[in-house]
Amino acid sequence: MASESRHYENPDLWTEDRFASSREQQRLSITAGFIPNEARSLLDVGTGNGAFLALLEARQTPLSLMGLERSQAAIEAAVCQAEIRAGSLDALPWQDRAFDVVSALEVIEHLPYGLYERSLREIERVAGEYILVSVPYREKRRFTPCPYCGCRFHVNYHMRSFDERSLAAIFQDFDLTRFQIVYIDDYITAPVLRTAYRILGKNRQFPTSAVCPQCGFSGSSPENTTLSGALTRARAGLRDKIKNRLPTYKRAQWIVALYRRKSV
Ligand SMILES: [Zn+2]
């Protein structure tokens with residue numbers, strides 16, 4: 001299995017509490033507010049464990065809901081009632097314009113070359129009237145060195161970053177009609193700490209979900225000893241002590257965008 005696929009099969013990525021934080025719920029809630037009232041059906045592609053579908057179900061939406069997901073680990077961890085079909089985004093098993101809305105939340109930044117281009121066309125094909133997208137906003141992508149071979153890569157496999165201008169150009173048959181930047185509270189120290197970690201380089205934590213695209217070394221490998229558990233805990237404790245004393249600022253974290261099919 002390719003490293004990129006192995007990354008998404010890590011069950012740690014799909015635990016319910018990863019999507020239960022107030023930040024994630026804020027993002028999902030704002031995104032749900034973009035769904036036009038007249039829509040009757042929604043397909044959420046790259047739905048993961050179905051956290052967005054579960055939020056819509058909790059709101060007793062009249063929408064008929066469906067999910068699509070490539071990761072078997074994510075489907076097994078499903079938190080929604082709606083069906084999540086296993087499949088790839090570049091070969092959607094539905095007819096043209098099968099759903100009023102197709103949503104892709106925190107998905108398209110992950111898609112590798114080729115799959116990305118084909119998937120955008122497929123989303124356009126099965127979307128009847130609307131496409132709803134959320135992605136990190138102007139992400140400054142950081143690359144972590146693999147502790148085994150040194151290859152530097154984005155540990156979450158983000159292939160690209162977006163702003164409102166680049167988002168406006170991704171679909172051929174749909175216009176960007178509305179967008180919103182979602183701000184989160186972040187500690188003033190966060191950029192300083194990130195810079196310090198970057199300078200320290202080798203002491204950077206290699207997350208358990210990370211899988212090196214070059215050699216296949218994984219963060220869950222027993223040999224992953226770049227940072228001992230005790231050191232990680234000590235560092236986290238120190239970081240919390242520093243940041244809890246300092247004020248927060250509003251950081252632009254995500255952008256939510258709604259597209260509508262061009263009238264011919
Ligand atoms: Zn490696």
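Heavy atoms only: backbone and side chains are in, while hydrogens, waters and symmetry mates are out. One-based numbering, in listed order, for ligands and for the atoms of each. Given the structure is predicted, the values throughout are model-derived calculations rather than measurements.
- For the residue pair Glu109 and Ser161, no side-chain donor N or O sits within less than 3.5 Å of a side-chain acceptor on the partner.
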Could you go through Val133 and Val256, starting from their C-alpha distance and side-chain angles, then the distance that decides it, and tell me whether this counts as side-chain contact (heavy atoms from CB on, under 4.5 Å)? CA-CA 6 Å; Val133 166; Val256 181; over 6 Å; no
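- A ring pair (Phe, Tyr, Trp, His ring centres under 6.0 Å) with Tyr259 holds for exactly one of Phe174, Tyr130, Phe171; it is Phe171.
- Between the side chains of Ser103 and Asp44, a donor-acceptor pair is found at a separation under 3.5 Å.
- Listing protein N, O or S atoms at distances below 2.8 Å from the Zn ion (ligand 1), with waters left out, gives Cys146 SG, Cys149 SG, Cys212 SG, Cys215 SG.
- Among residues at least two apart or in separate chains, ring-ring contact (aromatic ring centres under 6.0 Å, His included) pairs with a member in residues 85-125 are Tyr8-His110, Trp94-Phe99, His110-His158.
- Side-chain contact between His154 and Arg142 is absent, with no heavy atoms from C-beta onward closer than 4.5 Å.
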